[in-house]
J.: 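Sharing a structure here in structure tokens format.
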2 protein chains.
Amino acid sequence: MSDLLERLRGRGWRLTAQRRVVAEVLDGDHVHYTADEVHAKAAERLPEISRATVYNTLGELVSLGEVLEVSTDGRAKRYDPNAHHAHQHLVCSRCGTIRDVHPEGDLLAGLPSAERFGFQVSAVEVTYRGLCPDCSAG
Amino acid sequence: MSDLLERLRGRGWRLTAQRRVVAEVLDGDHVHYTADEVHAKAAERLPEISRATVYNTLGELVSLGEVLEVSTDGRAKRYDPNAHHAHQHLVCSRCGTIRDVHPEGDLLAGLPSAERFGFQVSAVEVTYRGLCPDCSAG
DNA sequence: TCTTGACTTAGACAAAGTCTAATGTAGGAT
DNA sequence: ATCCTACATTAGACTTTGTCTAAGTCAAGA
């Protein structure tokens with residue numbers, strides 16, 4: 001994700017300290033922070049950053065396709081920087097931990113055309129649920 | 001879902017006008033209302049019903065397994081009375097319409113054990129996304 | 001019919017996110 | 001190098017969605 005800032009600049013982004021810090025917080029694999037967590041971590045480096053800017057920047061990253069929004073439950077959305085690798089999520093029903101997983105096969109193919117009701121189906125999101133090793137041990 | 005009230009009474013539910021009205025609103029296929037919509041429709045028949053009661057009743061129906069909670073996006077949860085038939089959802093990316101669909105095959109089998117990270121995987125939720133006929137026509 | 005514990009209510013509260021008007025600034029123009 | 005201005009940021013009010021509490025109400029069994 002280190003070339004993210006370059007890609008964004010190429011698309012006309014004005015490069016500000018705030019945007020740089022938000023992008024840096026999201027850098028790394030298997031990171032799925034809420035907007036509030038991103039704000040807290042960004043504020044460690046740039047204390048005056050506002051919540052609105054974090055929300056704006058996350059929204060921009062999502063609409064540019066650089067980051068995925070994940071709504072695992074009815075709670076806060078989480079942001080997944082691993083947008084360039086197709087993957088799905090495995091969520092612990094007890095503690096909410098998320099792992100990226102890579103199922104086999106063409107997931108879209110599982111939906112017969114008789115079940116598509118005239119929709120132009122373009123994407124599929126899969127969430128596996130279960131207990132993580134820590135929670136099932138308890 | 002017409003025998004729902006009987007099932008609930010059998011499980012010790014006290015049968016009140018409020019609960020009856022909420023259950024009636026949810027009755028019907030392919031209905032996916034938000035809590036607020038359920039409240040509005042319930043209030044047409046029982047004007048003094050409170051939001052808290054609607055939330056309580058929906059929560060009870062969910063924990064009894066009679067209704068499913070669906071978080072299609074980061075917005076309000078929707079309630080799906082079709083809980084007794086395994087199904088997944090097809091959501092219009094533009095207008096948010098939801099259809100119930102029934103994919104083929106064993107969806108859980110798509111996740112190899114090497115990708116389970118020690119989780120006891122017990123459920124899978126699939127959301128297909130695309131444009132509905134109305135929105136793709138525009 | 002009486003009683004009681006379960007149910008409902010209004011409204012305060014909380015969490016997550018959006019919006020606005022005022023202010024600041026990145027980066028091209030000069 | 002500096003200036004300019006459209007784009008970006010800020011604080012905080014506001015909205016939406018959902019939860020909680022204390023007081024009042026009622027379904028259903030005794």
J.: Between the protein and nucleotides 7-14 of chain D, list the N/O to N/O atom pairs that are separated by less than 3.5 angstrom.
T.:
residue : atom : partner : partner atom : Å
D:dC7   : O4'  : A:R14   : NH2          : 3.3
D:dC7   : O2   : A:R14   : NH1          : 3.0
D:dA8   : OP1  : A:R19   : NH1          : 3.0
D:dA8   : OP1  : A:R19   : NH2          : 3.1
D:dT9   : OP1  : A:T16   : OG1          : 2.4
D:dT9   : O3'  : A:Q18   : NE2          : 2.9
D:dT10  : OP1  : A:Q18   : NE2          : 3.3
D:dT10  : OP1  : A:E48   : O            : 3.0
D:dT10  : OP2  : A:S50   : N            : 2.9
D:dT10  : OP2  : A:S50   : OG           : 3.1
D:dT10  : OP2  : A:T53   : OG1          : 2.7

J.: Expressed as a whole number of angstroms, how long is the span from B:L58:CG to C:dT8:P?
T.: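 In whole Å, C:dT8 P and B:L58 CG are 12 Å from each other.
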J.: Should the pair A:R78-A:E69 be classified as a salt bridge under the 4.0 Å nitrogen-to-oxygen rule?
T.: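 Judged by the 4.0 Å cut-off on N to carboxylate O distance, A:R78 and A:E69 do not form a salt bridge.
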J.: Please report the closest heavy-atom contact between B:V31 and B:P81, naming both atoms and the distance.
T.: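 Shortest heavy-atom contact: O-CD, 3.2 Å.
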J.: Given salt bridge (Lys or Arg N to Asp or Glu O under 4.0 Å), test A:R19 with A:E60 step by step and report yes or no.
T.: CA-CA 10 Å; A:R19 285 171 168 180; A:E60 288 155 4; 3.2 Å; yes
J.: Assess the side chains of B:D80 and B:H89: does a donor N or O sit below 3.5 Å from an acceptor N or O?
T.: yes
J.: Report, one line per pair, each donor and acceptor closer than 3.5 Å where one atom sits in a side chain of residues 108-117 of chain B; sequence neighbours left out.
T.:
residue : atom : partner : partner atom : Å
B:E115  : OE1  : A:H102  : N            : 2.8
B:R116  : NE   : B:L111  : O            : 2.8
B:R116  : NH2  : B:L108  : O            : 2.9
B:R116  : NH2  : B:L111  : O            : 2.8

J.: Let's see if you get this right: which residues in residues 37-45 of chain B place a heavy atom under 4.0 Å from DNA chain D?
T.: none
J.: Does the pair B:L68 and B:V62 meet the rule for a side-chain contact (heavy atoms from CB on, under 4.5 Å), with working shown?
T.: CA-CA 6 Å; B:L68 291 177; B:V62 168; over 6 Å; no
J.: Flag the pair B:K41 and B:E44 as a salt bridge only when some basic side-chain nitrogen lies within less than 4.0 angstrom of an acidic carboxylate oxygen.
T.: no
J.: Rounding to an integer number of Å, can you tell me how far B:L61 CG sits from C:dC7 P?
T.: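 Value for this atom pair: 12 Å.
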J.: Would you kindly give the CD-to-C1' distance between A:E69 and C:dG17, to the nearest whole Å?
T.: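 My rounded result for the distance is 11 Å.
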J.: Measure from NZ on B:K77 to C1' on C:dG17 and round the result to the nearest Å.
T.: 16 Å
J.: When you compare the side chains of B:N82 and B:H32, does any donor N or O come within less than 3.5 Å of an acceptor on the partner?
T.: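 Looking only at side-chain atoms, B:H32 and B:N82 do not form any donor-acceptor pair under 3.5 Å.
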J.: Tell me whether the OP1 or OP2 atom of D:dG18 has a side-chain N or O from B:Y55 closer than 4.0 Å.
T.: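 B:Y55 to D:dG18 OP1/OP2: side-chain N or O found under 4.0 Å.
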